[in-house]
Asks: 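Below you'll find the structure I mean.
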Protein chains: 2
Amino acid sequence: MAEDDSDLNVTRETTSLRQLVENRLRSAIGSGRFKPGQRLIERELCEQTGVGRTSIREALRQLEAEGLVTTIPHRGPVVSTITANEAAQLYDLRGLLEGYAGRECARRRDPAIIARLRKQFVRMGEVAGEQDRSNLLAAKTEFYAALLEGCGNAFVERFLKMLLNRVTVLRMTSMTQANRIGNSLSEIENILTAIENGDEEAAERACVLHIRNAAKVALEALARSE
Amino acid sequence: MAEDDSDLNVTRETTSLRQLVENRLRSAIGSGRFKPGQRLIERELCEQTGVGRTSIREALRQLEAEGLVTTIPHRGPVVSTITANEAAQLYDLRGLLEGYAGRECARRRDPAIIARLRKQFVRMGEVAGEQDRSNLLAAKTEFYAALLEGCGNAFVERFLKMLLNRVTVLRMTSMTQANRIGNSLSEIENILTAIENGDEEAAERACVLHIRNAAKVALEALARSE
DNA sequence: GCTTGACAGATTGTCTGATAAGCGGTCAAT
DNA sequence: ATTGACCGCTTATCAGACAATCTGTCAAGC
C-alpha cells in the first residue's frame with residue numbers, strides 16, 4: 001500500500017480502437033451530433049471513423065448494453081429515444097441513487113472530494129452569467145463527477161454515469177437546459193453545504209429535491225414536445 | 001390499446017446468435033461452470049459453442065458492460081472476481097434498489113404481481129425441505145423476478161438484474177448458499193405480507209433487512225475464504 | 001544466486017471480403 | 001383498397017489473415 005503522490009502509474013493512453021470509438025460515439029450522441037431516433041449505419045460509421053466494422057460493431061454492443069443505442073434486428077442501431085414515462089422512471093432512479101451518493105458524501109466527508117465540489121461550485125458562480133452556457137455545463141458535470149466518486153461505491157458511480165448519459169440524450173430530445181441551469185445554483189449550494197456539514201439527511205434531501213426539480217422541468221418540456 | 005389475452009404477439013424465438021451466446025455464457029458463469037478468475041479464450045469458446053469469433057466477441061462485450069467479465073488487454077476476458085470491499089458495495093446498492101422495488105410494489109399493489117409473489121412463496125415452503133436446493137433456488141429467483149417487474153421501473157429492474165448476476169457469481173466464489181436460503185423464508189414472508197397490505201414503509205424495511213442479512217452471511221464467508 | 005535481456009508461443013485486436021437473411025418500400029394486379 | 005411479388009439496403013455471421021502485445025522461459029552476465 002505504499003502509494004505516495006509521485007504517481008508512477010502510467011495508464012496507457014493507447015486504449016483499444018474499440019474503446020476510442022465507443023467514447024467518440026458516446027460523446028457524439030451526448031452532444032447531439034447524433035440525434036435520438038437517428039439511424040447509425042455501420043458502413044457510414046466506418047467511413048466517418050476510419051476503422052473497420054469489427055470495432056464499430058463491438059463499440060455499438062457496449063453502447064447498447066448501456067441503453068444509449070437500441071439495435072433493431074436486421075435494421076441496425078438507432079440512438080435510443082425515450083418516452084415521457086421512461087423519463088419519469090429515469091429521474092426516479094436518479095433521485096434515489098444521487099440521494100444515496102449525497103448521503104454518503106456527507107457521511108464520509110472526504111476533504112479531497114469536498115474541495116472538488118466547492119471548486120466547481122465557485123466556478124459555476126463565476127461563469128453563470130455568460131451567454132455561452134458550455135462553461136457552466138462543464139462545471140456542473142465536474143461537480144456531479146466529484147459527487148459520484150465521493151460516494152465510494154463503484155456500482156452507484158457506474159450506474160449513475162449511465163443514467164446521466166441517458167439524461168443528456170433526453171436534453172437533446174426536449175431542448176431544455178438553458179433556463180433551468182441557472183435556477184439550480186441555490187439547490188446545488190444546499191447540497192454542498194450539507195455535505196460540508198456532514199449532515200447526511202440534509203444532503204440526501206437536497207440531492208433528491210434537486211433531481212425532482214430537474215425532472216419536473218424536463219418532463220414538462222418533454223410532454224410539450226409530444 | 002385493444003389487447004385482450006388471446007395474445008397474438010409473436011415475439012420471434014429466433015433471437016440472434018449473439019444473444020444466444022450471451023445468455024449461454026451468462027448462465028454458464030452463473031452456474032459456476034466458468035469460475036471467477038477463469039480465463040475465457042475466444043477460440044475455445046468458438047469450439048465449444050460452434051459459432052464464429054465475431055458473435056463470441058460481441059457477446060463478450062455485452063457481458064463486459066454488465067461487469068460479468070473483465071477484459072485484460074491483449075490477454076483476453078476473464079470471469080470477473082470481486083473483492084470483499086466491492087461485495088459490500090454491491091450489497092449496499094442492492095439493498096437500496098430492492099428497498100425501492102419493495103416499496104413500489106406495495107404502493108402499486110398490482111394483483112398479478114402479488115399473485116406471482118405469493119405463488120412462489122408457497123412453492124418455496126413446499127420445496128424447502130428437499131435435499132436438492134435447486135427447486136428452492138428457482139422459486140426464489142422467480143420471486144425476485146416478480147418483485148423487480150412489479151416495481152414498474154424498467155431501469156431499476158435492469159440494474160437489479162445486473163446486480164443479481166454479480167451476486168450469483170459471488171456465491172460461486174464463497175460457496176455460501178445452502179444454510180442461508182432456509183433462514184430467509186420468514187424474511188420473505190415479511191416482504192410479501194407488507195406488499196399485500198400495501199404498507200410501503202414495511203415493505204421497504206423488509207427488503208432492506210433481507211438484503212442486509214444476506215450480505216452479512218455472504219461477506220463473512222467471503223472474508224473467511226481470503 | 002540474482003538480475004537482465006532476448007526469444008518464442010499464445011492470444012487478442014483489427015481488417016478484409018464474402019454470403020445469407022431479414023426489413024421496408026414500390027408497384028403492378030386483382 | 002388490398003394483396004402479393006420484387007428489389008435494394010443493411011445487418012448477421014463466418015472465415016482467414018496479419019500485426020501488436022502479453023507471458024513465460026532460458027541463457028548470459030554480474
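Just so it is clear: chains get the letters A, B, ... in the order the sequence lines come, proteins before strands, and each one is counted from 1.
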Asks: Has B:Ser55 got a side-chain atom pairing as donor or acceptor with B:Arg18's backbone, closer than 3.5 angstrom?
Replies: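 Not confirmed, B:Ser55 side chain does not pair with B:Arg18 backbone.
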Asks: I need the A:Leu219 CG to A:Leu90 CG distance, nearest 0.5 Å.
Replies: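 Taking CG in A:Leu219 and CG in A:Leu90, the distance rounds to 9.0 Å.
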Asks: Hey, is the side chain of B:Arg57 poking within less than 4.0 Å of OP1 or OP2 on C:dG13, counting only N and O atoms?
Replies: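 So the side chain of B:Arg57 is within the cut-off, an N or O lying under 4.0 Å from OP1 or OP2 of C:dG13.
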Asks: Between A:Glu98 (side chain) and A:Cys207 (backbone), is there a donor-acceptor pair under 3.5 Å?
Replies: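 Here the side-chain-to-backbone pair does not exist.
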Asks: Could you pull out every donor-acceptor pair under 3.5 Å between side chains of residues 33-40 of chain B and any protein atom, sequence neighbours left out?
Replies:
from	atom 1	to	atom 2	distance (Å)
B:Lys35	NZ	B:Gly32	O	3.1
B:Gln38	OE1	B:Lys35	N	3.0
B:Arg39	NH2	B:Arg75	O	2.9

Asks: What is the distance, rounded to the nearest whole Å, between atom CZ of A:Arg18 and atom P of C:dT14?
Replies: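 Roughly 6 Å, once rounded to whole Å.
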Asks: Would you mind reading off the distance between B:Gln19 atom CD and D:dT13 atom C1', rounded to a whole angstrom?
Replies: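 Checked: the CD to C1' distance equals 15 Å.
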Asks: Rounded to the nearest angstrom, tell me the gap between atom CD1 in A:Ile72 and atom P in D:dT11.
Replies: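 To the nearest whole Å, that distance equals 11 Å.
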Asks: Does A:Glu149 reach the main-chain N or O of A:Glu157 with its side chain, forming a donor-acceptor pair under 3.5 Å?
Replies: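 Not confirmed, A:Glu149 side chain does not pair with A:Glu157 backbone.
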Asks: Check the interface with nucleotides 16-19 of chain D: list each N/O to N/O pair with the protein under 3.5 Å, or write none.
Replies:
none

Asks: In the structure I gave you, are the side-chain heavy atoms of B:Leu97 and A:Phe155 within less than 4.5 Å of one another anywhere?
Replies: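 A side-chain contact under 4.5 Å is absent here.
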Asks: Between A:Ile56 and A:Pro73, who's closer to the 5' end of DNA chain C by nearest nucleotide?
Replies: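 Checking each residue's closest nucleotide, the 5'-ward one belongs to A:Ile56.
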Asks: In this structure, how many angstroms lie between the P atom of C:dA20 and the CG atom of B:Leu17, rounded?
Replies: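 B:Leu17 atom CG is separated from C:dA20 atom P by 16 Å.
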Asks: What integer distance in Å separates B:Glu47:CD from D:dC14:P?
Replies: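 Nearest whole value for this atom pair: 14 Å.
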Asks: Testing the basics here: between B:Arg158 and A:Gly67, what is the closest heavy-atom pair and its distance to 0.1 Å?
Replies: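 Of all heavy-atom pairs spanning B:Arg158 and A:Gly67, the closest is NH2-N, 3.5 Å.
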Asks: B:Arg123 versus B:Gln120: any side-chain heavy-atom pair under 4.5 Å?
Replies: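 In short, these two side chains touch, coming nearer than 4.5 Å.
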Asks: Could you check whether any side-chain N or O of A:Thr71 sits under 3.5 Å from a backbone N or O of A:Pro77, counting only pairs where one atom can act as donor and the other as acceptor?
Replies: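 Judged by distance alone, no pair lies under 3.5 Å.
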Asks: Output the rounded distance in Å from CD (B:Glu58) to C1' (C:dG13).
Replies: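 So the two atoms are 14 Å apart, to the nearest Å.
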Asks: Taking the side chain of A:Ser55 as its heavy atoms from C-beta onward, which of C:dG13, D:dA12, C:dC15 lies nearest to it?
Replies: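 Of the options given, the side chain of A:Ser55 lies nearest C:dC15.
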Asks: Please tabulate, one pair per line, each protein N/O and nucleotide N/O from nucleotides 4-10 of chain D that are separated by under 3.5 Å, including the distance.
Replies:
from	atom 1	to	atom 2	distance (Å)
D:dT10	OP2	A:Arg43	NH2	2.8

Asks: Send over the distance from B:Leu45 CG to D:dC14 P, rounded to a whole Å.
Replies: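 Answer to the nearest Å: 13 Å.
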